[in-house]
Amino acid sequence: MRVLIPYLLRLALLVILIAFLVVPGWFDPLLKPLVRDNAPAIYNQGSLLTLTLLHLRTVAIATTGAILVAVTLAILVTRPFGAEFLPLSRSLVNIGQTFPPVAVLALAVPILGFGEKPTLVALFLYGLLPIFENTLTGLTTLPSSVMEAARGSGMTDRQRLFKVELPLAMPVILAGIRLSVVISLATATIGSTVAAKTLGEVIIAGLQSNNIAFVLQGGLIVGALAVLIYDGFSAIEHVLARRAGLPARA
Amino acid sequence: MIEIDGITKRYDGNTVVNNVSMMIEPRTVTVIVGTSGSGKTTLLRMINRLVEPTSGAIRLDGEDNRSMPGFELRRRIGYAIQGHGLFPHRTVAQNIATVPVLLGWDRARIDAKVAELLTLFQLDPAAFANRFPHELSGGQQQRVGVARALAAEPKVLLMDEPFGALDPIIRAKAQADLLAIQSLLGTTIVLVTHDMDEAFHLAHKIAVMDKGALVQYGKPAELVKDPATEFVQTLIGTSERPFRLLSIETAGDAVEPGPADGKPLAETISQRDALSELLWSGRAAVPVVAADGTVLGKVTLEGLTRRAAKPQ
């Protein structure tokens, strides 16, 4: 019974989240005490469900781009011919992480216009580092006897990469993707400052009209999404790591 | 047959293997011994081109090993290493099937081969085929490692300290299994070790490497009788000489006609072990039996003492 409690809590969170998105009216009495002067307690300038789906879509597109670029880059710089580009790629990816997303938005808007595009650029750059670093770690810490056996049994470079290196590094790569997704989920809210359709819209609307209920529900939805997606990735990593005969990571 | 012809390997001006030439007969076990840093592993890895030589050539059955891409060559040569190197994300069956899959064998042939090898290595296919390497004991992992190396029926098997990570009891069993499988399959084995007991137990011929050079290459008895350098002498160990001689041949080779009393010995154990048994049980002679239980004769303390003496 005890081992089931975490799963039940997550299931409950998921059910509450879906209920909130589909029939937000049910939660009106809960949020009502937070607003003054008969202001609306539930966001009324658009569908919360649609905003959530658009938010998830933005994160999914940006993360997919970051995965493709970061993993490819990490694979290239761990090959013998790409080794000399390792320091350069590291610096580039680090710049992507340290450059504030707000600044990226400000710089990207004049070029790309308002809307989703500058947000995608900011999230993409912000999400590269954890995926790149984890892929690098995964690919460079493989057991040497396994790599030796892979070469010794006559695998080509490509076969080694796809049959041995990537499958064994997968749990670590996934951990990087998980971090990147969670960061992007939170960061995507600022996209609404440049008119991207994300849950940030709810928060900004709340700030503008001094409506704490709006700010709270926008934040809580993002938080619930982050927790559920984080746990989902952790579970997949755990299964993969166990399958790979590696010690399970917490 | 493996012909190693004037092989040299240098790393940044450091000569690791220096002009080594040797002929390895087919269907024999050749053990390369030496201290660490003697170049023995590098020499072994040049046979399947995990390391490319600086100069010289290696021919397998007369064919230069550079006549095909390295990965194709390695699919034709078995390779087993210390710590087994099994793929942790693949089952035992998938591990063993590695090279056959790379060679594009059909499913039925691969399955049959996997089952055959598991049985040969005393692992029940039904119980072990679908397990993952981390679910096996050290000895089982090592056996799967050797089975994987033998899966594509290579004529040559290279082994780099394959038993180094095993405890002494499992190691002795693994060595006995290897000899049995070698005589069954007729594989040419080249094995690298720093364990002289292992070398004398397994080898038809021993190659001694010192500082990159091949200092002596010959039958085990020749090394004991006539060490080429002081290094070979030290490696064999002066006080070990008579026991080294006895550990080369089996009790079956020392059988004399006539009866003897007491618990019999198997003909396959080494003469060294037979002597040990005679000394321990305080007997002067002990009967020797074949695997089917027929008495072949006896080994005597006197006979073994004669065999352990310096060859004339």
Side-chain angles (χ1 to χ4, degrees), chain A residues 71 74-75 78-81 83-84 134-135 137-177 233-250, chain B residues 41 44-45 47-51 68-92 94-104 131-136 141-142 144-152 154 157-162 164-165:
Chain A
V71 172
I75 289 171
T78 49
R79 302 306 102 184
F81 58 83
E84 53 184 308
N134 274 42
T135 309
T137 308
L139 289 178
T140 51
T141 56
L142 297 167
S144 59
S145 67
V146 173
M147 294 310 297
E148 170 87 354
R151 271 192 82 203
S153 58
M155 290 188 184
T156 60
D157 292 348
R158 179 188 296 258
Q159 286 165 336
R160 283 211 306 281
L161 177 65
F162 286 106
K163 292 178 169 223
V164 180
E165 295 177 47
L166 284 179
L168 286 181
M170 196 49 78
V172 186
I173 297 175
L174 268 181
I177 295 174
F233 269 103
S234 297
I236 299 172
E237 279 160 44
H238 194 75
V239 170
L240 282 180
R242 214 173 33 195
R243 279 252 300 271
L246 307 168
R249 269 172 282 259
Chain B
T41 294
L44 184 84
R45 285 158 55 91
I47 298 175
N48 67 358
R49 286 177 57 203
L50 284 170
V51 173
M68 63 181 81
F71 65 87
E72 273 180 38
L73 174 78
R74 290 190 278 274
R75 289 173 192 177
R76 292 171 35 165
I77 298 176
Y79 187 54
I81 54 178
Q82 178 168 12
H84 64 75
L86 293 177
F87 302 128
H89 61 305
R90 294 184 169 194
T91 62
V92 166
Q94 287 167 336
N95 264 288
I96 295 176
T98 302
V99 185
V101 167
L102 292 175
L103 292 170
R131 285 203 204 169
F132 284 92
H134 69 276
E135 297 170 317
L136 307 181
Q141 288 171 338
Q142 192 276 338
V144 175
V146 179
R148 176 176 66 181
L150 290 171
L157 172 61
L158 307 179
M159 307 183 90
D160 189 359
E161 307 229 4

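Lettering of chains follows the sequences in order, A, B, ..., and the numbering in each one begins at 1.
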Check whether any side-chain heavy atom of [X] sits under 4.5 Å from a side-chain heavy atom of [Y], and report yes or no.
{"X": "A:K163", "Y": "B:T98", "answer": "no"}
{"X": "B:R45", "Y": "A:E148", "answer": "yes"}
{"X": "A:Q159", "Y": "B:V101", "answer": "no"}
{"X": "B:Y79", "Y": "A:R151", "answer": "no"}

| message | Is it true that, when you exclude B:R131 itself, more than 12 heavy atoms of the residues, nucleotides or ligands shown sit nearer than 6.0 Å to its CZ? | response |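 Yes, the 6.0 Å shell around CZ holds more than 12 heavy atoms from other groups.
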| query | At a heavy-atom separation under 4.5 Å, does B:R148 approach chain A through its side chain, its backbone, both, or neither? | reply |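 When you check distances to chain A, only side chain atoms of B:R148 fall under 4.5 Å.
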| field | Under 4.5 Å from a heavy atom of chain A, the part of B:L50 involved | value |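 Answer is both: backbone and side chain atoms of B:L50 are under 4.5 Å from chain A.
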Smallest separation among heavy atoms of [X] and [Y], with atom names:
{"X": "B:P88", "Y": "A:L168", "result": "CG-CD2, 3.4 Å"}
{"X": "B:L102", "Y": "A:M155", "result": "CD1-CG, 3.7 Å"}
{"X": "B:L86", "Y": "A:V146", "result": "O-CG2, 3.5 Å"}
{"X": "A:A149", "Y": "B:G85", "result": "CB-O, 3.2 Å"}

| said: Could you measure the distance from the OG atom of A:S145 to the CZ atom of B:F87? Nearest 0.5 Å is fine. | reply: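 Going from OG on A:S145 over to CZ on B:F87, the span is 9.5 Å.
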| Can you tell me how far the OG1 atom of A:T156 sits from the CZ atom of B:R75, to the nearest 0.5 Å? |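 Interatomic distance, A:T156 OG1 to B:R75 CZ, rounded to 0.5 Å: 6.5 Å.
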